[in-house]
Novice: 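Attaching a single structure in structure tokens format; questions to follow.
We count residues from 1, following the sequence as given. The analysis underlying the following values was restricted to heavy atoms, covering all of them including side chains, and did not include hydrogens, waters or symmetry mates.
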Amino acid sequence: MTRNDLGKNGVEDLTQITDLHEASLLWNLRLRYDNLYSNGIYTYCGSILIAVNPYKMYPDLYGLEMAKKYVGKPLGSLPPHLFAIGEAAHSALPSPQVVVISGESGSGKTESTKLVMQYLAAIASGGASSASAVITEQILEANPILEAFGNAITLKNDNSSRFGKYLEIYFKSGAIIGAKITQYLLEKSRIVTQAQGERNYHVFYELLGGLSEADRAKYGLLEADKYFYLNQGNSDCAPNGRVDWNSLQGAMQVLGLSENEREGIVRVLAWFSRIYR
């Protein structure tokens, strides 16, 4: 199958192309991307899923009804989708499984990780105990915290993960019973130095934008744009709108952080702001 034989919408699996070269592969991805509403951002290459980031969310592609379609279906029996990858891993349990999500900055790794997690949480919640449901919610609510303390606006991406993470999820009888997250390669230099057009980690802007004037006065804080460690990139210092301070506090509560622990986090962040003004 050559570039001219790919049809209007391309093929779902690149292994179906007989004339394999860069032009035919890219043309197929382009054809599928132009047909977004038929899962066109996804294309298989055998058991590998290729995703082209549309930089917007398509709710119809990720709702509960879509998730139900992929439950119990073998890989390749339905159109390419992240949920198919999640189902392939889940259906192969209890043997250990791994899903590797990789790509360049801005390719959609963070969102893809969250979507796979949401799928696993949705299909593992059926018949799960209340304790398992709580654990599942805690795993999902860890994302806002990880993004706040580990993601930043860069020239390529407004929610770029400046670290890598290895997420282990533990199942028993099909239900999620625990998880462990290991982070590595944290970009520590960003805390005090950012390039032009880039920003520090989200949490500083969320803190200073989310606290009331009374609370800022309590901790001796100013607006975010008054701090060199936040404004040196000459970019907007407003919270980026993905996770506000109240949502972040709510996520911390779900993960079991006490009021004293949350207060301690605020004090540490406030101390850092005063030191590096």
Side-chain angles (χ1 to χ4, degrees), residues 51-53 55 57 82 98-117 138-169 179-211 219 221-245 247-249 251-252 255 257 261-262 264-277:
V52 180
N53 192 350
Y55 291 98
M57 184 60 73
L82 265 173
V98 61
V99 177
V100 178
I101 299 176
S102 64
E104 65 175 7
S105 180
S107 60
K109 298 185 296 297
T110 298
E111 293 303 315
S112 293
T113 300
K114 289 190 288 187
L115 288 167
V116 171
M117 271 302 308
Q138 289 177 330
I139 295 171
L140 294 176
E141 286 299 317
N143 275 316
I145 299 176
L146 289 173
E147 290 187 19
F149 286 88
N151 290 21
I153 289 179
T154 66
L155 294 176
K156 290 185 175 182
N157 187 355
D158 69 355
N159 191 38
S160 183
S161 301
R162 309 319 299 161
F163 68 105
K165 61 178 175 285
Y166 181 64
L167 171 61
E168 294 180 78
I169 306 173
K180 175 183 177 183
I181 298 175
T182 304
Q183 58 86 10
Y184 58 94
L185 297 180
L186 182 63
E187 194 181 72
K188 298 178 181 178
S189 62
R190 179 172 294 270
I191 296 176
V192 293
T193 304
Q194 303 94 46
Q196 286 296 303
E198 299 194 344
R199 301 206 318 181
N200 210 320
Y201 292 103
H202 295 329
V203 66
F204 297 111
Y205 306 94
E206 292 165 3
L207 168 72
L208 297 173
L211 292 179
Y219 297 111
L221 296 173
L222 305 172
E223 292 83 1
D225 59 6
K226 301 296 192 299
Y227 294 95
F228 179 68
Y229 85 102
L230 299 179
N231 66 23
Q232 63 181 286
N234 292 322
S235 60
D236 183 10
C237 289
N240 74 344
R242 286 179 173 268
V243 179
D244 61 31
W245 180 247
S247 296
L248 184 59
Q249 291 286 295
M252 290 181 181
L255 264 70
L257 275 71
E261 289 171 324
R262 299 197 304 274
I265 291 173
V266 174
R267 289 185 178 278
V268 170
L269 294 172
W271 171 83
F272 183 89
S273 297
R274 293 194 298 270
I275 291 296
Y276 286 100
R277 180 181 176 187

Novice: Can we call the ring centroids of Phe204 and Tyr229 under 6.0 Å apart?
Specialist: yes
Novice: Mark yes or no for whether Arg199, through its side chain, and Leu230, through its backbone, hold a donor-acceptor pair below 3.5 Å.
Specialist: no
Novice: Nearest 0.5 Å, what's the CD1-CD distance between Ile145 and Gln249?
Specialist: 9.5 Å
Novice: Is there a donor-acceptor pair closer than 3.5 Å between any side-chain N or O of Asn200 and the backbone N or O of Ile191?
Specialist: yes
Novice: So, Lys226 side chain and Asn231 main chain: donor-acceptor pair closer than 3.5 Å or not?
Specialist: no
Novice: Hey, does the side chain of Arg190 reach the backbone of Tyr201 with a donor-acceptor pair shorter than 3.5 angstrom?
Specialist: no
Novice: Just so I know, are the side chains of Met57 and Glu111 near enough to count as touching, which here means a heavy-atom distance under 4.5 Å?
Specialist: yes
Novice: If I take atom CG from residue Asn234 and atom CG from residue Asp225, how far apart are they, to the nearest 0.5 angstrom?
Specialist: 11.5 Å
Novice: Quiz question: by atom type and distance under 3.5 Å, do the side chains of Asn159 and Asn151 form a donor-acceptor pair?
Specialist: yes
Novice: What pair of heavy atoms forms the shortest contact from Ile181 to Ala142, and how long is it?
Specialist: CD1-CB, 4.2 Å
Novice: Strictly below 4.0 Å, N to O, side chains only: are Glu198 and Arg162 in salt-bridge contact?
Specialist: no
Novice: Less than 4.5 Å apart, any side-chain heavy atom of Phe163 and any of Glu187?
Specialist: no
Novice: Please find the pair of heavy atoms, one from Leu248 and one from Pro144, that lie closest to each other, and give the distance.
Specialist: CD1-O, 3.8 Å
Novice: Out of the candidates Thr110, Thr154, Thr113, only one should pair with Ser161 under the side-chain hydrogen bond (donor to acceptor under 3.5 Å, both in side chains) rule; please name it.
Specialist: Thr110
Novice: For the NZ atom of Lys165 and the CG atom of Asn143, what is their distance to the nearest 0.5 Å?
Specialist: 6.5 Å
Novice: Test your reading of the model: is there a side-chain donor-acceptor pair from Tyr55 to the backbone of Gly106, 3.5 Å cut-off?
Specialist: yes
Novice: Do Phe272 and Val192 touch side chain to side chain, with heavy atoms closer than 4.5 Å?
Specialist: yes
Novice: Determine whether Leu257 and Ile265 satisfy the following criterion, side chain to side chain contact (heavy atoms under 4.5 Å, CB included), listing intermediate values before the conclusion.
Specialist: CA-CA 10 Å; Leu257 275 71; Ile265 291 173; 3.6 Å; yes
Novice: I would like to know whether Ile153 and His202 meet side chain to side chain contact (heavy atoms under 4.5 Å, CB included); could you show each step before the answer?
Specialist: CA-CA 8 Å; Ile153 289 179; His202 295 329; 4.1 Å; yes
Novice: Backbone N or O of Gly103 within a donor-acceptor pair of the Lys109 side chain at under 3.5 Å?
Specialist: yes
